[in-house]
Amino acid sequence: MVARTAPLVQKSALVAQPLVIKATFLKGLPQLPSRAVKVQASASSSDVPVLAAAADEKKFLGVALFTWQKIVPLGLMFFCILFNYTILRDTKDVLVVTAPGSGAEIIPFLKTWVNLPMAIGFTVLYTKLANVLNNEQLFYTCIFPFIAFFGAFAFVLYPMQEMLHPTEWAKDLLIKMGPRFAGPIAIIRNWTYCLFYVMAELWGSVVVSVLFWGFANQITTVDEAKQFYPLFGLGANVALIFSGRAVKIFSQIRAGLPPGVDGWGMSLRGLMSMVVVGGFIIAAVFYYLNRTVVPRVQGSIPKRAKAKKEPMGVGESFAFLAKNPYIRDLAFLVVAYGISINLVEVTWKSKIKAQFPNPNDYSAFMGDFSTATGAVTFTMMIVSRWIFNKFGWGMAALITPTVLLLTGVVFFALVLFSAPLEPTLAVLGLTPLYAAVLVGAAQNIFSKSSKYSLFDPCKEMAYIPLDQETKTKGKAAIDVICNPLGKSGGALIQQFMIIGFGSLAASTPYLGLILLAVVGMWIYAAKDLDWRFAAAQEDMARAAEAELLEANDLPASDKPASA
């Protein structure tokens, strides 16, 4: 048995073995000796090893080596995931916006009528698979189809596009139906491009949000998350810079090829080859962590015998999540971000196509945009760690909606009042169109950088205090459905506005007012989630403390009064 006269546990001593609580929560709990000891959980149970952190645990930069063993591979995974996502995001926009018979107007229809149904279908499938597969099997089952598709698109689907795309049929249909149906007809006409667009969107929702952050939340503590989650993005946004440069280089290669050579096809093969290699690196790092880190994390947490629960069905899962105000707040944050960014982004992309009608120029501009996003986000990642330490979770969660609101208002103001500002812009050597492109780019850069550096870490930290079932199924419902639901909501708003007011330009003032209302509700939900997150951390601390006390079988007189 542990000696009652042992000193109180020190905060630094817990770093080596990642318990699910901070040491400061264990007030009054005697420390285990600085070696592995066995304690008897009960008279009928077998010996349960409780590993205490050694006082002389080796450290690097003040952090235990075991913590670095988790953080560095996770950072590499996030680097590769964001590298791939940047390439896919830039490529999907160029494909669908510059496709024959298409334009930026196709994006709202894609997000509403194609992306959202596929996201819902994936969530249904993911929920069913989560009930029959373990976490490692589920990860591989989800990521390998993405790797296979992106490789097949570049080397099989794109070269066969003339055989696969019903171009002549779509042209005849457009003549019969009229230009009001140009968006849906363009989706059918360029269906392989649209499938690529949706798969690229799902990569961001599935691989980034569900697979990576879900796994990271399982092997890190809240204390480690506050310290290192913002830093994950440092390496990831270096990936944004490199991937943006890669897209720009391939765009320049296409521009220098002689006539008759399909330079875009060559570019796709090169870019998708990098995506495939990045995907296999992600899977390899995940395999390594499951063989080295996961067993130690699981072994460091006392396990209690629990009654086996039948897995909830899909309908029961959504009903359960809908009744949880904590999950509802999280869901609204994701939906509000999707609506807000989409209200500005589609208008901005229409300006980009007007300024850069050539696919090479469009792709080169998007490469520069991604590089700038990576550089700004890198800086924001460094600042975000100070924000978390100085002001806490609540303030960090409020910065993204505030930034998006301010920059969005500036963009809409420039679009609305471009005529009066034309003489001033001419002095600066800018046309109203090019000024709108640059301001829209700045709006997207600052909005996305605050999302990557603050919004995403805040959202993922909020999952950590939840139980495993809520964490798994809640992430699937929120990240895979609510993210495209927010974008589709913004797309539906734009569609109704265009139909009601006749054009996107005529509806711009009303889109600005809607943006103001959505961000206001977003701020309210973030404030509500702030105190719920704090309460959940306290509940998690009490539950973990009770498990440790029970595992050590401490006499009632030795247990803290709070237990």
Side-chain angles (χ1 to χ4, degrees), residues 73-89 92 114-153 195-220 232 236 239 272 274-291 293-294 311-314 317-318 321 334 456 459-460 463 466 468-485 487:
L74 284 174
L76 177 60
M77 283 183 67
F78 204 39
F79 177 95
C80 293
I81 290 170
L82 263 293
F83 182 89
N84 283 1
Y85 182 51
T86 305
I87 291 176
L88 296 173
R89 182 188 62 198
K92 72 179 176 63
V114 183
N115 192 33
L116 182 60
M118 288 191 65
I120 294 174
F122 172 83
T123 303
V124 172
L125 178 62
Y126 180 87
T127 304
K128 291 183 178 295
L129 290 175
N131 290 331
V132 297
L133 301 177
N134 62 39
N135 292 333
E136 186 174 5
Q137 294 169 338
L138 188 61
F139 186 95
Y140 298 137
T141 303
C142 291
I143 197 171
F144 283 132
F146 282 100
I147 299 174
F149 172 80
F150 293 127
F153 180 84
L195 182 60
F196 182 95
Y197 184 96
V198 173
M199 291 294 287
E201 285 277 315
L202 286 177
W203 176 275
S205 300
V206 174
V207 181
V208 177
S209 298
V210 176
L211 299 185
F212 173 77
W213 284 116
F215 177 62
N217 291 342
Q218 291 174 6
I219 65 174
T220 55
F232 283 167
M272 292 306 105
M274 289 192 291
V275 168
V276 170
V277 171
F280 282 118
I281 292 175
I282 294 165
V285 174
F286 180 77
Y287 179 87
Y288 163 79
L289 286 171
N290 272 274
R291 297 299 176 277
V293 171
V294 173
M312 293 193 300
V314 176
S317 298
F318 281 100
L321 296 174
V334 175
D456 286 344
K459 176 169 63 73
E460 300 309 326
Y463 286 110
L466 302 178
Q468 186 59 39
E469 186 172 44
T470 306
K471 196 180 295 184
T472 300
K473 296 182 178 179
K475 282 190 66 64
I478 290 175
D479 293 333
V480 179
I481 287 184
C482 293
N483 187 31
L485 181 63
K487 296 179 181 179

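Treat the numbers as computed from the prediction; the structure is a model and nothing was measured.
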Inset, instruction - List for me each residue that meets ring-ring contact (aromatic ring centres under 6.0 Å, His included) alongside F153, sequence neighbours excluded, and say none if there are none. - result: F196
Inset, instruction - Output the distance between atom CZ (F78) and atom CD1 (I81), rounded to the nearest 0.5 Å. - result: 7.0 Å
Inset, instruction - State which residues pass ring-ring contact (aromatic ring centres under 6.0 Å, His included) with Y85; sequence neighbours excluded, sorted by chain then number. - result: none
Inset, instruction - Working to the nearest 0.5 Å, report the span between OH of Y197 and CG of L202. - result: 11.0 Å
Inset, instruction - Taking side chain to side chain contact (heavy atoms under 4.5 Å, CB included) as the test, write out the residues that go with E136, two or more places apart. - result: N134, Y140, F286, Y287, N290, R291
Legend entry - K92 side, atom NZ; I87 side, atom CD1 - distance, nearest 0.5 Å: 14.0 Å
Inset, instruction - Over all heavy atoms of both residues, which pair between C80 and I282 is shortest? Give the atoms and the distance, please. - result: CB-CG1, 3.6 Å
Inset, instruction - Mind listing the closest non-hydrogen atom pair of L289 and M77 along with its distance? - result: CD1-SD, 4.0 Å
Inset, instruction - Report the C-alpha separation of F144 and F139 in whole Å, then their side-chain angles, then the decisive distance to 0.1 Å, and conclude whether the side-chain contact (heavy atoms from CB on, under 4.5 Å) test is met. - result: CA-CA 9 Å; F144 283 132; F139 186 95; over 6 Å; no
Inset, instruction - Might you work through the side-chain contact (heavy atoms from CB on, under 4.5 Å) test for V206 and F146, ending with a clear yes or no? - result: CA-CA 10 Å; V206 174; F146 282 100; 4.0 Å; yes
Legend entry - Residue pair F212 / V207, side-chain heavy-atom distance below 4.5 Å: no
Inset, instruction - State the CG-CE distance between L88 and M272, to the nearest 0.5 angstrom. - result: 5.0 Å
Inset, instruction - Identify the heavy atoms of M118 and V198 that sit nearest to each other, and give their distance. - result: SD-CG1, 3.3 Å
Legend entry - 4.5 Å side-chain heavy-atom contact, N135 and F215: no
Legend entry - Pairwise distance CG(L74) to CD1(I219) - rounded to 0.5 angstrom: 4.0 Å
